[in-house]
Amino acid sequence: MAIRLPVICLLGSFMVIAIAADLTPERYWSTALPNTPIPNSLHNLLNLDFTDEKSTNVQVGKGSVNVNAGKGKPSGGTAVNVGKGGVHVDTGKGKPGGGTHVSVSGGKGHGGGVGVHTGKPGKRTDVGVGKGGVTVRTRHKGKPVYVGVKPGPNPFVYNYAAKETQLHDDPNAAIFFLEKDLVPGKAMNVRFNAEDGYGGKTAFLPRGEAETVPFGSEKFSETLNRFSVEAGSEEAEMMKKTIEECEAKKVGGEDKYCATSLESMVDFSVSKLGKSHIRAVSTEVAKKNAPMQKYKIAAAGVKKLTDNNSVVCHKQKYPFAVFYCHKTMMTSVYAVPLEGENGMRAKAVAVCHKNTSAWNPNHLAFKVLNVKPGTVPVCHFLPETHVVWFGY
């Protein structure tokens with residue numbers, strides 16, 4: 001069962017936001033962390049494309065912008081060329097409401113921006129071209145999707161009890177293991193992309209845009225209205241659960257924060273770890289949509305990345321990318337090379353919690369491993385879209 005969320009429509013009636021290049025999330029990262037590569041898992045969330053076959057391509061050249069919208073047929077698309085001397089628009093089928101609108105601001109006080117709207121409201125692409133930067137918002141029928149998961153406790157939030165069905169039905173149950181098992185040759189059954197249901201294929205919003213969206217229980221009804229989500233629906237329950245987890249009390253000395261943009265994630269992680277020597281890593285799997293299978297820890301062995309100096313960020317269920325980030329004491333991070341029984345390789349990241357005494361005694365990890373809180377270190381692999389920051 002696929003649960004589709006409405007595509008994002010923000011900041012009034014179909015406004016295009018033209019963001020200068022030095023304010024884009026990528027540029028913010030490179031400015032704040034010039035010596036820290038951005039993991040593919042996060043970079044991909046800046047470039048997700050939810051378009052269907054009626055895709056829109058944006059090309060930016062020196063002094064000009066070219067936008068082609070449509071199915072790629074000579075008569076089915078829209079071409080918008082914004083050059084140094086003006087704007088030229090070629091429109092395909094001129095159906096009411098389905099045309100292309102181009103707005104250009106050129107003089108002083110206007111910022112020299114260009115806004116392009118293609119398609120019908122709610123099923124269109126917005127392109128904002130500012131001083132040196134381009135922002136693209138796609139609103140076709142291809143939407144952020146939460147796959148095959150109903151609302152329920154997040155296994156990466158440790159003060160929640162597991163539901164009875166999670167032990168058998170939740171593919172994330174397989175990611176938990178004991179620290180003593182981190183040895184070459186150890187076999188484990190894992191499905192690394194199982195986090196689709198614990199984060200979904202949703203992209204980052206720039207911080208300036210994300211901050212205009214209410215995020216909290218007090219204004220939850222307003223948030224539902226902004227995304228056209230019906231109260232009481234499964235989509236609404238997923239969003240509500242994410243907010244509850246973000247607002248819940250801290251667990252055992254945990255320092256936590258829910259980041260609603262890449263920029264805010266960077267700020268939180270830097271505030272806890274500093275910026276001089278910091279890395280961000282994610283699990284990398286050679287093949288997308290890999291099935292549950294048996295992996296063995298490769299002979300090359302496990303490498304400890306850090307002890308007690310990390311921030312782990314877990315992707316949440318929400319219409320745009322939101323991460324539950326937390327810094328906990330007595331936590332180790334490992335790089336674990338894995339080889340699947342079908343020959344596929346993975347570079348997994350594992351987090352081991354040395355002190356679980358403050359966790360809910362009915363947490364999923366304890367049920368899977370048949371151990372009690374505070375008795376042994378409990379580890380889990382990170383799904384592909386999650387990230388761990390650490391100082392070195």
Side-chain angles (χ1 to χ4, degrees), residues 39-41 155-156 158 162 166-168 170-195 198 252 254 273 279-288 290-314 326-359 361 363-392:
N40 289 334
S41 61
F156 305 107
Y158 306 123
Q166 271 191 289
L167 184 61
H168 304 289
D170 188 348
N172 279 285
I175 67 174
F176 292 101
F177 58 93
L178 299 177
E179 190 174 32
K180 67 180 181 65
D181 294 327
L182 283 174
V183 294
K186 177 66 178 181
M188 304 179 187
N189 289 314
V190 187
R191 182 189 172 202
F192 281 108
N193 59 350
E195 95 292 350
Y198 285 101
E254 173 189 48
L273 304 172
R279 286 188 61 196
V281 295
S282 296
T283 291
E284 297 181 4
V285 183
K287 183 179 180 181
K288 295 295 183 183
M292 174 80 77
Q293 67 169 308
K294 182 177 292 184
Y295 289 87
K296 286 186 177 181
I297 297 179
V302 177
K303 178 182 178 181
K304 180 179 286 189
L305 300 178
T306 188
D307 267 327
N308 300 323
N309 196 28
S310 63
V311 171
V312 184
C313 295
H314 305 285
H326 56 159
K327 186 178 191 299
T328 57
M329 301 301 294
M330 300 182 68
T331 300
S332 298
V333 179
Y334 296 90
V336 186
L338 298 174
E339 297 178 352
E341 58 185 356
N342 65 352
M344 189 174 70
R345 296 176 181 267
K347 298 177 181 178
V349 176
V351 178
C352 293
H353 302 271
K354 305 295 181 67
N355 184 2
T356 60
S357 58
W359 291 22
H363 187 272
L364 181 62
F366 301 136
K367 292 181 176 294
V368 171
L369 302 174
N370 194 28
V371 298
K372 294 183 178 180
T375 56
V376 293
V378 171
C379 306
H380 60 79
F381 289 118
L382 282 187
E384 289 177 86
T385 56
H386 300 209
V387 61
V388 59
W389 300 72
F390 65 94
Y392 62 95

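Counting all heavy atoms, side chain and backbone alike, Asn342 lies closest to Met344 at OD1-N, 3.0 Å. Of all the heavy atoms in Met292 and Val190, the pair that sits closest is SD-C, 3.4 Å. Taking every heavy atom of both residues into account, Ala335 and Leu305 meet most closely at N-CG, 4.0 Å. For Val388 against Ser310, the heavy-atom pair with the smallest separation is CG2-CB, 4.1 Å.
Side-chain contact between Leu364 and Phe176 is present, with heavy atoms from C-beta onward closer than 4.5 Å. Residues Val312 and His386 form no side-chain contact, since every pair of their non-hydrogen atoms from C-beta on lies 4.5 Å or further apart. Looking at heavy atoms from C-beta onward, Val311 lies out of side-chain contact with Phe390 at the 4.5 angstrom threshold. When side chains are defined from C-beta on, His326 counts as touching His314, because their heavy atoms get closer than 4.5 Å.
Partners of Asp307 under the side chain to side chain donor-acceptor pair (under 3.5 Å) rule, at least two apart in sequence or in another chain, are Lys304, Ser332. With sequence neighbours left out, the side chain to side chain contact (heavy atoms under 4.5 Å, CB included) criterion links Ser41 to Pro39, Ser282. Remark: Thr331 engages Thr328 in a side chain to side chain donor-acceptor pair (under 3.5 Å) (not counting sequence neighbours). Every residue two or more places apart in sequence or in another chain was checked for a ring pair (Phe, Tyr, Trp, His ring centres under 6.0 Å) with Tyr334, and none qualifies. Lys186 meets the side chain to side chain donor-acceptor pair (under 3.5 Å) test with no other residue; sequence neighbours excluded. The side chain to side chain donor-acceptor pair (under 3.5 Å) check on Lys327 picks up nothing, with sequence neighbours excluded. Applying the salt bridge (charged side-chain N to carboxylate O under 4.0 Å, His left out) criterion to Glu179, with sequence neighbours excluded, gives Lys354.
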Quiz prompt | Worked verdict on Leu273 versus Trp389 for side chain to side chain contact (heavy atoms under 4.5 Å, CB included) | solution = CA-CA 8 Å; Leu273 304 172; Trp389 300 72; 3.7 Å; yes

Please output the side-chain donor-acceptor pairs of residues 294-301 that fall under 3.5 Å, not counting sequence neighbours, one pair per line with the distance.
from, atom 1, to, atom 2, distance (Å)
Tyr295, OH, Gln293, NE2, 3.4

Under 3.5 Å, which donor-acceptor pairs link side chains of residues 370-383 to any protein atom two or more places apart or in another chain?
from, atom 1, to, atom 2, distance (Å)
Thr375, OG1, Lys372, O, 2.6
His380, NE2, Tyr158, OH, 3.1
His380, NE2, His353, NE2, 3.4

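A distance of 10.0 Å separates CG of Leu369 from OG1 of Thr356, quoted to the nearest 0.5 Å. Taking CG from Leu338 and OG1 from Thr283, the interatomic distance works out to 8.5 Å, rounded to the nearest 0.5 Å.
Within the structure, salt bridge (Lys or Arg N to Asp or Glu O under 4.0 Å) contacts touching residues 343-352 (residues at least two apart or in different chains) are Glu339-Arg345.
Using modelled atom types, one side-chain atom of Asn308 and one backbone atom of Met330 make a donor-acceptor pair closer than 3.5 Å.
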